Amino acid sequence: GGMTPEEHILELYEEFPEYGDVYWSAYSYDATWAMALALHEAYLRAEEGANPYPHEFDYDRSDIRDTLFEIIKNVTFLGISGRVAFDENGDRIGCSRMNQYIL
């Protein structure tokens with residue numbers, strides 16, 4: 001808490017030098033938070049009777065998937081990797097970093 005994204009990445013580099021490029025961890029962390037926030041909102045809506053509970057999910061229940069998809073499109077917060085928000089397709093808005101490693 002209280003660190004800028006750059007400070008977080010630098011701390012990870014210093015703590016885990018054997019892993020090399022740890023920049024991806026910020027995206028993983030933020031993705032986990034985004035899903036947690038969406039699940040929390042889904043539970044709040046289920047308590048109001050607006051949709052089924054997420055723990056009732058199974059692969060034959062598209063209604064829960066659709067509910068989470070609608071919720072995630074409205075999730076926004078300042079994450080470790082920067083501002084986290086999603087477009088109407090559920091894709092993250094903003095800059096992404098992609099690396100290709102050739103061995």
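On a predicted model such as this, the values are computed, not experimentally measured, just so you know.
With sequence neighbours excluded, the residues forming a side-chain contact (heavy atoms from CB on, under 4.5 Å) with D60 are D58, listed by chain and number. Partners of D63 under the side-chain contact (heavy atoms from CB on, under 4.5 Å) rule, at least two apart in sequence or in another chain, are P52, R61. For N51, the side chain to side chain donor-acceptor pair (under 3.5 Å) test picks out no residue, with sequence neighbours left out. For the salt bridge (charged side-chain N to carboxylate O under 4.0 Å, His left out) test, residues two or more places apart in sequence or in another chain that qualify with E70 are K73.
Listed by first and then second residue, the ring-ring contact (aromatic ring centres under 6.0 Å, His included) pairs that reach into residues 51-73 are Y43-Y53, Y43-H55, Y53-H55, F57-Y59, sequence neighbours excluded.
Between the side chain of T76 and the backbone N or O of V84 there is at least one donor-acceptor pair closer than 3.5 Å. Looking at D30, its side chain does come within 3.5 Å of a backbone N or O of S81 through a donor-acceptor pair.
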Listing, residues 31-42 side-chain donor-acceptor contacts under 3.5 Å, not counting sequence neighbours, or none:
{"from": "T32", "atom 1": "OG1", "to": "S28", "atom 2": "O", "distance (Å)": "3.0"}
{"from": "W33", "atom 1": "NE1", "to": "Y29", "atom 2": "OH", "distance (Å)": "3.1"}
{"from": "E41", "atom 1": "OE2", "to": "R45", "atom 2": "NE", "distance (Å)": "3.1"}

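Counting heavy atoms from C-beta on, the side chains of L68 and I72 never come closer than 4.5 Å. Side-chain contact between Y27 and R92: present, with at least one pair of heavy atoms (C-beta onward) separated by less than 4.5 Å.
The CD atom of E7 sits 12.0 Å away from atom CG of L12, with the distance rounded to the nearest 0.5 Å. Taking CD of E15 as the reference point, atom OH of Y13 lies at 14.5 Å (rounded to 0.5 Å).
Smallest separation of non-hydrogen atoms from V75 and F86: O-CD1, 3.8 Å.
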